[in-house]
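Input: a single structure, listed below in structure tokens.
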Amino acid sequence: MHRFDHYLVFILLTLGGGLLIGLINLPDEWYQSLAKPWFTPPNWLFGPAWTILYILIGIAGARTYARSRRSPVMTCWIAQLVLNFAWSPAFFGLRSPSLGLMIIIPLLLLILAFIGLSWKRDRISSVLFMPYAVWVAYATALNAAIASMN
């Protein structure tokens, strides 16, 4: 597979998977009825933010795969994507902020582990994950606040 093909596959996997899961698990009346903290962003922000993040995640995944297919950093990338894709069905689908919190905390830890593991080998992939880490840290605080308020 050519390098461009790797990028295309990884971006389509992350962006396509994330968008599909997001569409299947849209916030509904239940979510609208929840008490939310003052720092809850407007709903329109989530789509553009995740679109950008999924593209960055895909690029980092392709770069990591090209360098070291069977490595702890690639395992970390796969594991974070599994947890990322599991969060919306848990939070919105099962209507469980508590279960969402049990998924998003290890997700954040895996993102930080990916950043740390890839820092020396592939600083670009590490940097590509930094906005993702910030967003998921923010989402973790939001998830925790919603879980405690409801």
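Here the structure is a predicted model, which is why all the values come from computation and not from measurement. Numbering starts at 1 and runs along the sequence shown.
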Shortest non-hydrogen contact from [X] toward [Y]:
| X | Y | answer |
| --- | --- | --- |
| P37 | A145 | CG-CB, 3.6 Å |
| Y138 | P41 | OH-CD, 2.9 Å |
| I55 | I11 | O-CG1, 4.1 Å |
| S68 | V73 | OG-CG1, 3.9 Å |
| I21 | P89 | CG2-CD, 3.8 Å |
| N43 | Y31 | OD1-CE2, 4.2 Å |

Does the side chain of [X] reach to within under 4.5 Å of the side chain of [Y], using non-hydrogen atoms?
| X | Y | answer |
| --- | --- | --- |
| I57 | Y132 | yes |
| L81 | L13 | yes |
| Y65 | H6 | yes |
| N84 | W50 | yes |

**Study point:** Parallel, tilted or perpendicular: rings of W87 and F92 (30°, 60°)
**Key:**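 Rings of F92 and W87: perpendicular, as their planes differ by over 60°.
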Check your understanding: Is the backbone of L142 close enough, under 3.5 Å, to the side chain of K36 for a donor and an acceptor to pair up by distance?
Key ->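 No; judged by distance alone, with no hydrogens or angles, the pair does not exist.
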Review point. For the side chain of Y54 and the backbone of L19, is there at least one donor-acceptor N/O pair under 3.5 Å apart?
Key: no
Check your understanding: Nearest 0.5 Å, what's the CD1-CG distance between I115 and L128?
Key -> 10.0 Å
Study note, to complete from the structure: CZ of F114 to CE of M74, rounded to nearest 0.5 Å, is 8.0 Å
